[in-house]
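Report on the following structure.
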Amino acid sequence: MPEPPGPVRALLAVVVLSTVPVTAQQAPDLLLLAHSPDLPLIEANDNRRPAGALDGGVLVVDLDVVEGDWRVETPDRPGLRVVAVAEAGGPPMIPAPLLRVGEGARVRARVRNRLGAGPVTVFGLHARPSEAVEGFVVEAGETGTVEFEAGAPGTYMYWVREGRQTTWDSVPRFPDRSQAAGAFVVDPAGGSPPDRIMVLSIWGQPVVESGDTTYLEALTINGLSWPYTERFPMSVGDSVRWRVVNASDRNHPMHLHGFFYRVLARGTAVRDSLYAPEDRRLVVTEPMLRKTTMTMEWAPTRPGRWLFHCHLSFHVTPEIRLPGAREMDPRDAHVHMAGLVVGIDVAPGPSDLVRRGPSRAVDLFAGEYGAVPGFRYGFTLDGEAPADSLTEVPGPPLFFHQYEAVDVTVHNRMSVPTGVHWHGLELDAWADGVPGWSASDGRVSPVIDPGQSFTYRLSLMRPGTFIYHSHLDDIHQ
């Protein structure tokens with residue numbers, strides 16, 4: 001579904017739709033309910049292997065722009081007919097093949113347009129930094145070649161759009177057709193510390209279902225949608241460095257559960273800015289604008305299962321799953337989210353948590369209090385309906401002290417199940433509040449069914465202002 005207007009916006013990555021502008025009446029033809037033998041199957045690219053080969057200090061890479069069959073979950077689930085990029089002789093990939101070179105190298109890229117008709121415009125294959133995004137047009141059946149100095153170290157991107165585009169940002173917000181994109185990394189002399197690269201992507205089109213026009217979406221990290229995205233195994237004390245590329249035309253606040261991360265660099269499509277040590281913010285959520293990049297670093301300091309995801313509800317709701325895929329799974333811990341989410345599994349080990357003094361018990365009631373549609377659910381401390389509309393949303397503030405031992409029992413008096421996430425708090429994974437996923441010490445955050453209760457153990461490791469919110473049926477709750 002399209003996201004609403006106003007401040008509710010978020011983060012993502014890449015894929016290009018096929019040929020000419022698509023109307024709602026044409027859109028169903030883009031859906032592939034079974035593999036089409038005339039289309040190559042698109043591979044999810046985990047960005048571990050760079051494309052091309054070095055030849056005398058020049059990275060030579062041959063790329064093909066092709067149409068393919070994209071399965072955002074598993075090969076047996078519904079797919080999409082989209083345009084993607086392949087390394088010559090290899091399968092098409094989403095994200096597009098990784099370009100990675102060292103500082104001082106040159107890049108010679110050949111891009112062939114293998115689509116049946118119409119030109120494509122290639123953006124981002126040029127030296128960095130740059131004053132503007134540079135692009136070039138490749139006609140159908142032809143090859144365009146460009147050679148350039150890689151330029152300054154950093155995290156960048158390149159992408160392909162169908163048609164003859166005059167500027168890189170000339171495509172309307174909807175439909176989302178700017179999907180054939182990949183990461184372009186320039187390492188400093190001497191190399192970079194070990195890292196992983198995540199490219200976020202959105203495909204979206206209006207379609208007609210039962211006579212009504214709806215909006216279908218596919219949102220992926222490295223070419224896959226949760227719960228089929230990659231799991232990141234770690235150990236307590238690991239040093240983790242991620243490069244995150246938002247090659248999409250939407251914005252995304254990227255949230256890490258259970259830990260703070262340090263923002264080392266932020267970039268755009270044309271330049272990257274490495275922060276001085278004193279300017280490296282410590283955050284749990286970092287907003288990423290369209291066509292921007294981030295380099296982040298963090299260390300897991302306690303075991304358990306955690307998440308890293310876009311914090312826009314419309315980008316992680318199961319309602320964005322493709323028709324057919326929605327009906328293939330029972331409602332469980334893995335399918336109450338979808339889209340821009342990856343899982344983190346930290347092996348058993350020591351914990352850094354500190355709780356002091358006797359445990360303080362707090363009761364929090366989730367109820368249906370509001371009369372306004374869309375604002376019926378809320379929290380109270382006494383279970384009674386709020387006295388006025390100003391206290392309906394948000395819920396009551398909770399005041400605690402650093403290291404205080406607090407146990408919050410959530411009583412679900414709603415007619416729907418729920419679960420509560422303590423956003424920004426560093427606590428045991430089982431108390432993190434993602435139902436059926438957050439787990440440690442043999443315990444799991446449950447779905448709290450109507451009439452049931454669950455007690456979360458809070459660890460208040462640092463002073464500050466945080467939020468708590470439902471982490472189930474997010475759009476409605």
Side-chain angles (χ1 to χ4, degrees), residues 7-11 232 234 236 240 242 244 251-264 266 279-288 294 296-313 315-316 337 340-344 346 351-356 360 362 364 366 378-379 381 393-410 418-435 437-440 445 448 454-472 474 477:
V8 187
R9 300 267 189 246
L11 146 81
F232 288 83
M234 300 177 188
V236 172
V240 180
W242 287 343
V244 184
N251 306 329
H252 308 286
M254 296 309 292
H255 173 50
L256 178 65
H257 280 229
F259 307 96
F260 281 70
Y261 62 91
R262 198 169 297 279
V263 180
L264 304 182
R266 290 301 310 267
D279 296 327
R280 295 173 180 175
R281 323 185 264 291
L282 203 58
V283 304
V284 295
T285 309
E286 176 75 3
M288 295 185 68
M294 169 176 66
M296 56 181 280
E297 185 177 67
W298 64 284
T301 53
R302 73 198 76 91
R305 291 196 303 197
W306 311 91
L307 293 179
F308 179 64
H309 65 91
C310 174
H311 209 271
L312 285 189
S313 296
H315 294 169
V316 297
M337 299 182 74
L340 303 176
V341 187
V342 295
I344 301 161
V346 183
S351 171
D352 64 338
L353 296 182
V354 175
R355 280 163 55 99
R356 295 174 180 164
R360 174 182 168 189
V362 175
L364 187 66
F379 293 109
L381 290 173
V393 178
L398 307 177
F399 295 93
F400 305 122
H401 291 91
Q402 187 177 20
Y403 304 130
E404 183 180 10
V406 176
D407 297 319
V408 179
T409 300
V410 175
T418 194
V420 179
H421 170 53
W422 308 92
H423 184 116
L425 293 189
E426 298 147 287
L427 32 61
D428 286 306
W430 65 261
D432 190 49
V434 182
W437 172 258
S438 303
S440 60
S445 284
I448 308 175
F454 181 74
T455 300
Y456 296 96
R457 184 172 69 187
L458 304 191
S459 300
L460 309 163
M461 297 294 290
R462 67 185 71 214
T465 303
F466 308 92
I467 62 176
Y468 62 95
H469 60 82
S470 168
H471 215 287
L472 188 69
D474 295 14
Q477 294 188 31

List the steps and the verdict of side-chain contact (heavy atoms from CB on, under 4.5 Å) for Met294 and Glu286.
CA-CA 9 Å; Met294 169 176 66; Glu286 176 75 3; 3.5 Å; yes

Start with the C-alpha distance between His469 and Gln477, add both sets of side-chain angles, then the distance that settles side-chain contact (heavy atoms from CB on, under 4.5 Å), and finish with yes or no.
CA-CA 8 Å; His469 60 82; Gln477 294 188 31; over 6 Å; no

Evaluate the side-chain contact (heavy atoms from CB on, under 4.5 Å) criterion for residues Phe379 and Val420: first the C-alpha distance (whole Å), next the side-chain angles of each, then the deciding distance (0.1 Å), finally the verdict.
CA-CA 11 Å; Phe379 293 109; Val420 179; 3.9 Å; yes

Check the pair His309 / His257 against side chain to side chain donor-acceptor pair (under 3.5 Å), numbers first and verdict last.
CA-CA 9 Å; His309 65 91; His257 280 229; 3.0 Å; yes

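Separating the OH atom in Tyr456 from the CG atom in Leu427 is a distance of 11.0 Å, to the nearest 0.5 Å. Considering CZ of Phe466 and CG of Leu460, their distance stands at 8.0 Å, rounded to 0.5 Å. Taken to the nearest 0.5 Å, the CG atom of Leu264 stands 12.0 Å off from the CG atom of Asp279. Atom CD1 of Ile344 is separated from atom CH2 of Trp437 by 9.0 Å, given to the nearest 0.5 angstrom. To the nearest 0.5 angstrom, His471 atom NE2 is 10.5 Å from Ser445 atom OG. Of the inter-residue distances, the one linking Asp432 atom CG with Leu425 atom CG reads 9.0 Å to the nearest 0.5 angstrom.
A salt bridge does not link Glu297 to Arg280: none of the charged nitrogens lies less than 4.0 Å from a carboxylate oxygen.
Across all their heavy atoms, Pro300 and Val346 have their closest contact at CB-CG2, 3.7 Å. Pairing each heavy atom of Arg266 with each of Met288, the nearest pair is NH2-CA, 3.6 Å. When all heavy atoms of Asp474 and Ser313 are compared, the closest pair comes out as CB-OG, 3.6 Å. Looking at every heavy atom in both residues, Val434 comes nearest to Met337 through CG1-SD, 4.5 Å. Residue Leu472 comes nearest to Gly419 through the heavy atom pair CB-N, 4.2 Å, listed as atom of the first residue, atom of the second, then distance. Heavy atoms only, all atoms of each residue included: Gly343 and Leu307 are closest at CA-CD2, 4.1 Å.
Between Val410 and Phe454 there is no side-chain heavy-atom pair separated by less than 4.5 Å. Taking the side chain as every heavy atom from C-beta outward, Arg462 and Leu282 approach each other to under 4.5 Å.
The closest donor-acceptor contact from the side chain of Trp306 to the backbone of Gly304 lies under 3.5 Å. Remark: side-chain polar atoms of Ser440 are paired, donor with acceptor, to backbone N or O of Trp430 under 3.5 angstrom. His421 contributes no side-chain N or O that, together with a main-chain N or O of Gly433, makes up a donor-acceptor pair within less than 3.5 Å. At least one donor-acceptor pair under 3.5 Å links the side chain of Arg302 to the backbone N or O of Gly258. Tyr261 places no side-chain N or O within 3.5 Å of a backbone atom of Val240 that could act as its donor or acceptor partner.
The ring-ring contact (aromatic ring centres under 6.0 Å, His included) with Phe232 is formed by just one residue from the set Trp242, Phe308, Trp298; it is Trp242.
Side-chain polar atoms of His423 and Thr285 form a donor-acceptor pair below 3.5 angstrom.
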If you look only at distance, which donor and acceptor atoms sit under 3.5 Å apart when one is on a side chain in residues 396-408 and the other is two or more places apart or in another chain?
residue : atom : partner : partner atom : Å
Gln402  : NE2  : Met461  : O            : 2.9
Glu404  : OE1  : His401  : N            : 2.9
Glu404  : OE2  : Arg360  : NH1          : 3.2
Asp407  : OD1  : Arg355  : NH2          : 3.4
Asp407  : OD2  : Ser359  : OG           : 2.4

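Legend: residues meeting side-chain hydrogen bond (donor to acceptor under 3.5 Å, both in side chains) with Thr455, ordered by chain and number and at least two apart, are Thr409.
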